[in-house]
Amino acid sequence: MGKDISEQYHIALEQFSLEEFKHILETSRLLPSQRALGEKLPERFAALEAMGIANLQDLANRLRSKKETERFSQESGLPQDYLTTMRRRIGFYTPKPVPLGKFPGIDLEHVERLAAAGIKHTKQLFERAASKQDRAELSRLTGVPGDALLELVKLSDLARAIGVGPVWARLIYEAGIDTMEKLAFMSLEDLADKVRATNEEKKLVK
């Protein structure tokens with residue numbers, strides 16, 4: 001049924017240091033809506049450190065809401081719009097669970113059986129079926145065939161990627177890129193070629 005996958009549904013923000021985050025912003029090609037995050041990096045991250053921020057979980061805790069972001073802006077001297085953009089960027093690392101029925105091509109009877117076992121979205125499935133042993137037990141419990149269960153787990157795995165929703169997860173999966181590990185090592189050119197060819201055949205997206 002395939003090898004085990006990571007036990008974490010998303011990055012543990014408390015293990016993501018502020019220095020690592022700074023390095024990513026320095027070396028990444030940021031989206032136009034996030035380019036402000038690459039401006040004045042030394043002084044702005046020094047201000048975050050001065051406020052006791054050591055990792056992304058610390059920062060996420062201080063930017064939980066619009067009101068708290070405004071308060072932190074006043075206390076730190078950092079622009080509120082900058083911190084709002086920062087909060088959205090942090091959200092990229094904590095993908096929201098996807099209802100299992102949203103994936104194209106999934107047998108809805110399998111979705112119903114999993115729901116009866118308390119598994120309704122990708123995070124719940126990920127946590128209950130990350131290992132081969134877990135999947136075998138879940139298949140026995142729900143009656144969902146092992147191969148169908150593994151397919152759903154792989155789609156759930158891909159849906160954790162930044163910007164990948166259920167339809168794109170299906171498209172990437174159909175292109176033969178069925179794990180996050182494979183996706184991480186694909187060049188953009190190869191990925192684009194595979195996805196384009198697959199979509200021409202499957203007609204999953206416009």
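For the numbers below, each heavy atom of this structure counts, side chains included, while hydrogens, waters and symmetry mates do not. Keep in mind that what you see is a predicted model, and the values were worked out from it rather than measured.
Applying the side-chain hydrogen bond (donor to acceptor under 3.5 Å, both in side chains) test to every pair with at least one member in residues 166-177, sequence neighbours left out, gives these pairs: Glu151-Arg170, Arg170-Glu174. Sorted by first then second residue, the side-chain hydrogen bond (donor to acceptor under 3.5 Å, both in side chains) pairs that include residues 59-69, not counting sequence neighbours, are Gln57-Asn61, Asn61-Arg64, Arg62-Glu75, Thr69-Arg87.
Listed by chain and number, the residues in a salt bridge (charged side-chain N to carboxylate O under 4.0 Å, His left out) with Asp178 are Lys154, Lys182 (sequence neighbours excluded). The salt bridge (charged side-chain N to carboxylate O under 4.0 Å, His left out) check on Arg89 picks up nothing, with sequence neighbours excluded. Applying the side chain to side chain contact (heavy atoms under 4.5 Å, CB included) criterion to Ser73, with sequence neighbours excluded, gives Gln80, Leu83. Judged as a side chain to side chain contact (heavy atoms under 4.5 Å, CB included), and not counting sequence neighbours, the contacts of Ala115 are Lys120. In this view, His110 and Asp107, Val144, Pro145, Ala148 satisfy the side chain to side chain contact (heavy atoms under 4.5 Å, CB included) rule, not counting sequence neighbours. Among residues two or more places apart in sequence or in another chain, the side chain to side chain contact (heavy atoms under 4.5 Å, CB included) test is passed with Glu39 by Ala36, Arg44. Applying the side chain to side chain donor-acceptor pair (under 3.5 Å) test to Glu109 and every residue at least two apart in sequence or in another chain returns Arg113. The side chain to side chain donor-acceptor pair (under 3.5 Å) check on Ser33 picks up nothing, with sequence neighbours excluded.
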Show me the side-chain donor-acceptor pairs of residues 16-31 shorter than 3.5 Å, one per line, residues at least two apart or across chains.
from, atom 1, to, atom 2, distance (Å)
Ser17, OG, Glu20, N, 3.0
Ser17, OG, Glu20, OE1, 3.2
Glu20, OE1, Ser17, N, 2.9
Thr27, OG1, His23, O, 2.8
Ser28, OG, Ile24, O, 2.6

Considering only distance and modelled atom types, tabulate donor-acceptor pairs under 3.5 Å from the side chains of residues 191-200, sequence neighbours left out.
from, atom 1, to, atom 2, distance (Å)
Asp193, OD1, Arg196, NH1, 3.3
Thr198, OG1, Lys194, O, 2.8
Asn199, OD1, Leu204, N, 2.9
Asn199, OD1, Val205, N, 2.9
Asn199, ND2, Val205, O, 2.9

